[in-house]
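Encoded as structure tokens, the structure appears first; notes follow it.
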Amino acid sequence: MPMIELKGIKRLYQLEGITVKAIQGLDLSVDKGEFIAVMGPSGSGKSTLMNILGCLDKPTEGIYLLDEINTSKANPDEFALIRNKKIGFVFQGFNLLARTTAVENVELPLFYSRKDRKVNMKEKAIAALKEVGLGERLYHKPSQLSGGQQQRVAIARAMVNNPVFILADEPTGNLDTEMTLEIMTLFQNLNNKGKTIIMVTHEPELAAYTRRIITMRDGKLVSDIPVKERRSATDDLMQWKKEHAILQKK
């Protein structure tokens, strides 16, 4: 059974007496270990799809099965618990608490986890930060970190509950080229270890680092293709650093 399965998903909104069809009868299956890019122009429905996948919104019609759980039948408390335990979120704006350290930011999802209330939350947060390469920045606050480091904290926070999948919304939108390649390298490494990642992006260059690209238009899935020759973010980062070093010498 697929880890994620959407069947006949529709999401309709009423706007000034007009029915807006944000998603129109969408079917989608995602297996464990995939790395998927969701693309499409503004108004295509990709943000609505992200909200449904992230259990931030429920479809008007259709079924969303996540890890064999029918989220469509969940009550509000169950819905929130599914969101906390099954999904790790990474946003463009990092969404870190400014006055707290990296460790404290990563600990936050554990406060809402019934299962993890008795475990050493600090140890889990430190382990997650070390996994993303921030073992020496544990007690730095966001203002003391670069944009790329802040996004690494956000990724550690997304992983700390060991979610079923990571949902990333334009995760490099606020980063420069070097930091973008570092974050994509991290995502590829996590995916190579078996972590499932779904990334919403409008940049074809980033989609080339994934394993599968789905494209939406007018609330429908118009293409779903595997990436035959996936680019290596690690190789591209090394090449960028090499070219940048040459430019610096001129």
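What you see is a predicted model, and the numbers here were worked out from it, not measured in a lab. Heavy-atom basis, side chains included; hydrogens, waters and symmetry copies ignored.
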May I have the list of side-chain donor-acceptor pairs in residues 196-203 shorter than 3.5 Å, sequence neighbours left out?
| unit_1 | atom_1 | unit_2 | atom_2 | d |
| --- | --- | --- | --- | --- |
| Thr196 | OG1 | Gly33 | N | 2.7 |
| Thr201 | OG1 | Glu203 | N | 3.0 |
| His202 | ND1 | Glu170 | OE1 | 3.3 |
| His202 | ND1 | Glu170 | OE2 | 3.0 |

N/O donor to acceptor pairs below 3.5 angstrom from side-chain atoms of residues 16-27, sequence neighbours left out:
| unit_1 | atom_1 | unit_2 | atom_2 | d |
| --- | --- | --- | --- | --- |
| Thr19 | OG1 | Gln14 | NE2 | 2.8 |
| Gln24 | NE2 | Asp218 | O | 2.8 |
| Asp27 | OD1 | Gly8 | N | 2.5 |

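Note: the hydrophobic cluster containing Met39 does not contain Phe187 (ILVMFWY, side chain heavy atoms under 4.5 Å, direct or indirect links). Residues Ile63 and Ile4 are members of separate hydrophobic clusters, defined by side-chain heavy-atom contacts under 4.5 angstrom among Ile, Leu, Val, Met, Phe, Trp and Tyr. Put simply, Val38 and Ile213 are part of two different groups of oily side chains (I, L, V, M, F, W, Y) that touch within less than 4.5 Å, one to the next. Under the 4.5 Å side-chain heavy-atom criterion for ILVMFWY residues, a single connected hydrophobic cluster contains both Leu190 and Leu237. Note: the hydrophobic cluster containing Phe94 also contains Ile166 (ILVMFWY, side chain heavy atoms under 4.5 Å, direct or indirect links).
Side-chain contact between Ile9 and Pro59 is present, with heavy atoms from C-beta onward closer than 4.5 Å. The side-chain heavy atoms of Glu131 and Lys193, taken from C-beta on, include a pair separated by under 4.5 Å. Side-chain contact between Asn105 and Pro142 is present, with heavy atoms from C-beta onward closer than 4.5 Å. Contact check for Met1 versus Glu68: side-chain heavy atoms found under the 4.5 Å cut-off. Counting heavy atoms from C-beta outward, Ser232 and Tyr209 have side chains that stay 4.5 Å or more apart. Lys195 has its side chain within reach of Asn162: a pair of non-hydrogen atoms, C-beta onward, lies under 4.5 Å apart. A 4.5 Å side-chain heavy-atom check between Arg212 and Ile214 finds at least one atom pair inside the cut-off. When side chains are defined from C-beta on, Arg137 counts as touching His140, because their heavy atoms get closer than 4.5 Å.
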From CA spacing to verdict: side chain to side chain contact (heavy atoms under 4.5 Å, CB included), Met184, Asp236 = CA-CA 10 Å; Met184 294 311 300; Asp236 286 351; over 6 Å; no
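The OG1 atom of Thr172 lies 9.0 Å from the CG atom of Leu181; values are rounded to the nearest 0.5 Å. Going from atom CZ of Arg211 over to atom CG of Asp31 covers 12.5 Å, rounded to the nearest 0.5 Å. Note: Met50 CE to Met216 CE = 12.0 Å, rounded to the nearest 0.5 Å. How far CG of Leu186 is from CG of Asn191: 11.0 Å, rounded to the nearest 0.5 Å. For the atom pair CG (Leu206) and CD1 (Ile183), the distance works out to 11.5 Å, reported to the nearest 0.5 Å. A distance of 9.0 Å separates CG of Asn70 from NZ of Lys7, quoted to the nearest 0.5 Å.
Looking at Glu123, its side chain never comes within 3.5 Å of a backbone N or O of Asn120 through a donor-acceptor pair. Proximity of a side-chain donor or acceptor of Glu243 to a complementary backbone N or O of Trp240 within less than 3.5 Å is not detected. Distance alone, capped at 3.5 Å, is enough to place a donor-acceptor pair between the Gln149 side chain and the Ser146 backbone. Side-chain atoms of Thr101 do not come within 3.5 Å of backbone N or O of Lys141 as any donor-acceptor pair. For Gln188 (side chain) and Ala233 (main-chain N/O), a donor-acceptor pair under 3.5 Å exists by modelled atom type. Side-chain atoms of Asn174 come within 3.5 Å of backbone N or O of Gln92 as a donor-acceptor pair. In terms of modelled atom types and a separation under 3.5 Å, the side chain of Asn161 and the main chain of Lys85 share no donor-acceptor contact.
Here the closest non-hydrogen pair linking Val90 and Gln151 is CG1-OE1, 3.4 Å. Residues Tyr139 and Lys122 approach most closely at OH-CE, 3.0 Å, considering heavy atoms. Shortest non-hydrogen contact noted between Leu145 and Gln150 is O-NE2, 3.3 Å. Residues Gly148 and Leu175 come closest through the heavy atom pair N-CD2, 3.7 Å. Closest non-hydrogen pair, Phe165 versus Leu53, comes out as CZ-O, 3.6 Å. Minimum heavy-atom separation, Pro109 to Asn84: O-ND2, 3.3 Å.
Annotation: cation-pi pair Lys58/Tyr64 absent, no NZ/CZ under 6.0 Å from the ring centroid and within 45° of its normal. A cation-pi contact links Arg11 to Tyr13, judged by a cut-off of 6.0 Å to the six-membered ring centre and 45° from its axis.
Ion pair Arg152/Glu182 flagged as a salt bridge, since at least one NZ, NE, NH1 or NH2 atom sits closer than 4.0 Å to an Asp/Glu carboxylate oxygen.
The neighbour count for Arg231 CZ, taken as heavy atoms of other residues, nucleotides or ligands under 6.0 Å away, does not exceed 12.
By the ring-ring contact (aromatic ring centres under 6.0 Å, His included) test, Phe91 pairs with Phe89, sequence neighbours left out.
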